[in-house]
> 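Let me begin by handing over the structure; questions about it come next.
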Amino acid sequence: QVQLVESGGGLVQAGGSLRLSCAASGSAFSSNAMGWYRQAPGKQRDLVATITSDGRTDYADSVKGRFTISRDTAKNTVYLLMNSLKPEDTDVYSCAADPPPYSYYWGKWDYWGQGTQVTVSS
């Protein structure tokens, strides 16, 4: 079992930055693929970024060059640094974990956090 707790959301002006954290408890964090998703009310949940157990990253086109996903294995934590924020980045951001054998390639993640609200004002 993996428990995920996000933090770091809040209200920021356009052009500003936030860093989200996702603290994971449970076993074998280092072997998990980790991801960040976002979702607005009434809309589908969209993938923002992923990071593999060996540190390879991937990003949605809408955030490339602005967001950076990273992980600290010693702290069992994954981060999402968001720069140059835009009003359209306003969403609830959730982290997800997928232990091996991996299924996140097909959009299936085994564990989810509760989410943290990010609001970007214009």
Side-chain angles (χ1 to χ4, degrees):
Q1 276 286 34
V2 176
Q3 293 80 43
L4 303 172
V5 179
E6 301 96 335
S7 61
L11 174 64
V12 64
Q13 288 188 331
S17 299
L18 281 176
R19 189 180 77 160
L20 306 182
S21 300
C22 174
S25 60
S27 60
F29 170 81
S30 61
S31 63
N32 292 342
M34 301 294 296
W36 284 97
Y37 278 76
R38 63 186 182 185
Q39 184 175 25
K43 295 190 176 181
Q44 71 176 20
R45 186 161 49 192
D46 292 328
L47 180 63
V48 175
T50 60
I51 186 165
T52 64
S53 58
D54 58 356
R56 287 175 288 122
T57 60
D58 195 17
Y59 298 91
D61 288 343
S62 59
V63 306
K64 280 181 182 176
R66 299 189 298 124
F67 291 11
T68 303
I69 188 171
S70 61
R71 64 193 299 162
D72 185 333
T73 301
K75 295 182 179 180
N76 279 12
T77 301
V78 63
Y79 302 99
L80 185 68
L81 176 61
M82 306 184 294
N83 294 323
S84 303
L85 282 161
K86 306 174 182 180
E88 51 264 42
D89 294 318
T90 295
D91 272 322
V92 175
Y93 286 71
S94 300
C95 70
D98 185 32
Y102 302 116
S103 57
Y104 75 96
Y105 310 114
W106 301 281
K108 182 182 181 300
W109 298 78
D110 285 359
Y111 304 101
W112 291 89
Q114 292 298 311
T116 185
Q117 176 70 47
V118 171
T119 303
V120 184
S121 63
S122 57

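Quantities reported herein were computed from a predicted structural model and do not represent experimental measurements.
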> Find out whether Leu85 and Phe67 are in side-chain contact, i.e. whether some heavy atom of one side chain is under 4.5 Å from a heavy atom of the other.
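Yes - at least one pair of side-chain heavy atoms lies under 4.5 Å apart.
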> Determine the minimum heavy-atom distance between Ser31 and Pro100, stating which atoms define it.
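Nearest heavy atoms, Ser31 then Pro100: O-CD, 3.5 Å.
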> Give a yes/no verdict on a cation-pi contact between Arg19 and Tyr79, requiring under 6.0 Å between NZ or CZ and the six-membered ring centre and an angle within 45° of the axis.
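Because its charged atom sits under 6.0 Å from the ring centre and within 45° of the axis, Arg19 does stack over Tyr79.
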> Any ion pair linking Lys64 and Asp61 (charged N to carboxylate O, less than 4.0 Å)?
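Answer for the salt bridge query: yes.
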> Do Val92 and Gln114 make a side-chain contact, defined as non-hydrogen atoms from C-beta onward lying under 4.5 Å apart?
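No, every pair of side-chain atoms sits at 4.5 Å or beyond.
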> Please determine whether a side-chain nitrogen of the Lys or Arg among Asp91 and Lys43 lies less than 4.0 Å from a carboxylate oxygen of the Asp or Glu.
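Looking at Asp91 and Lys43, the cut-off is not met.
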> I'd like to check Arg71 versus Phe29 (side-chain heavy atoms, cut-off strictly below 4.5 Å). Are they in contact?
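They are in side-chain contact.
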> Determine whether Tyr111 and Asp98 make a side-chain contact, defined as any pair of heavy atoms from C-beta on separated by less than 4.5 Å.
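SC-SC contact between Tyr111 and Asp98 ruled out.
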> For Thr77 versus Ser21, what's the shortest heavy-atom pair and its separation?
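What the structure gives for the nearest pair is CG2-CB, 4.2 Å.
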> Less than 3.5 Å apart, any donor N or O on the side chain of Tyr37 or Trp109 sitting next to an acceptor on the other?
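Present: a donor and an acceptor within the cut-off.
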> Which heavy atom of Ser103 sits nearest to which heavy atom of Asp110, and what is that distance?
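Closest heavy-atom pair between Ser103 and Asp110: OG-OD1, 4.2 Å.
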> Can you tell me how far apart OG (Ser25) and CD (Gln1) are? Round to the nearest 0.5 Å.
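Output value for this atom pair is 9.5 Å.
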> Is Trp36 close to Ile51 at the side-chain level, that is, under 4.5 Å between some pair of heavy atoms?
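SC-SC contact between Ile51 and Trp36 ruled out.
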> Considering non-hydrogen atoms only, spot the tightest contact between Ser122 and Ala14 and give its length.
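Minimum heavy-atom contact is CA-CB, 4.3 Å.
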> For Ile69, run the side chain to side chain contact (heavy atoms under 4.5 Å, CB included) check against Val48, Thr57, Asp58, Leu81 and tell me which one passes.
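Answer after filtering Val48, Thr57, Asp58, Leu81: Thr57.
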> Indicate yes or no: at least one non-hydrogen side-chain atom of Ser94 is less than 4.5 angstrom from one of Glu6.
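They are in side-chain contact.
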> Heavy atoms only: give me the nearest Leu80-Ala49 pair and the separation to one decimal.
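Closest heavy-atom pair between Leu80 and Ala49: CD1-CB, 4.3 Å.
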> Any side-chain heavy atom of Asp46 within less than 4.5 Å of one from Gln39?
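They are not in contact (no side-chain heavy atoms under 4.5 Å apart), so the answer is no.
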> Answer yes or no on whether Arg66 is positioned over the face of Tyr59, meaning its NZ or CZ is under 6.0 Å from the six-membered ring centre and within 45° of the axis.
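No, Arg66 does not sit over the ring of Tyr59.
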> Looking just at side-chain N and O atoms, do Ser17 and Asn83 make a donor-acceptor pair shorter than 3.5 Å?
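The answer is yes; a qualifying pair exists.
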> Scan side-chain atoms only and decide if Gln13 and Ser121 contain a donor-acceptor pair under the 3.5 Å cut-off.
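Gln13 vs Ser121: no donor-acceptor pair found between side chains.
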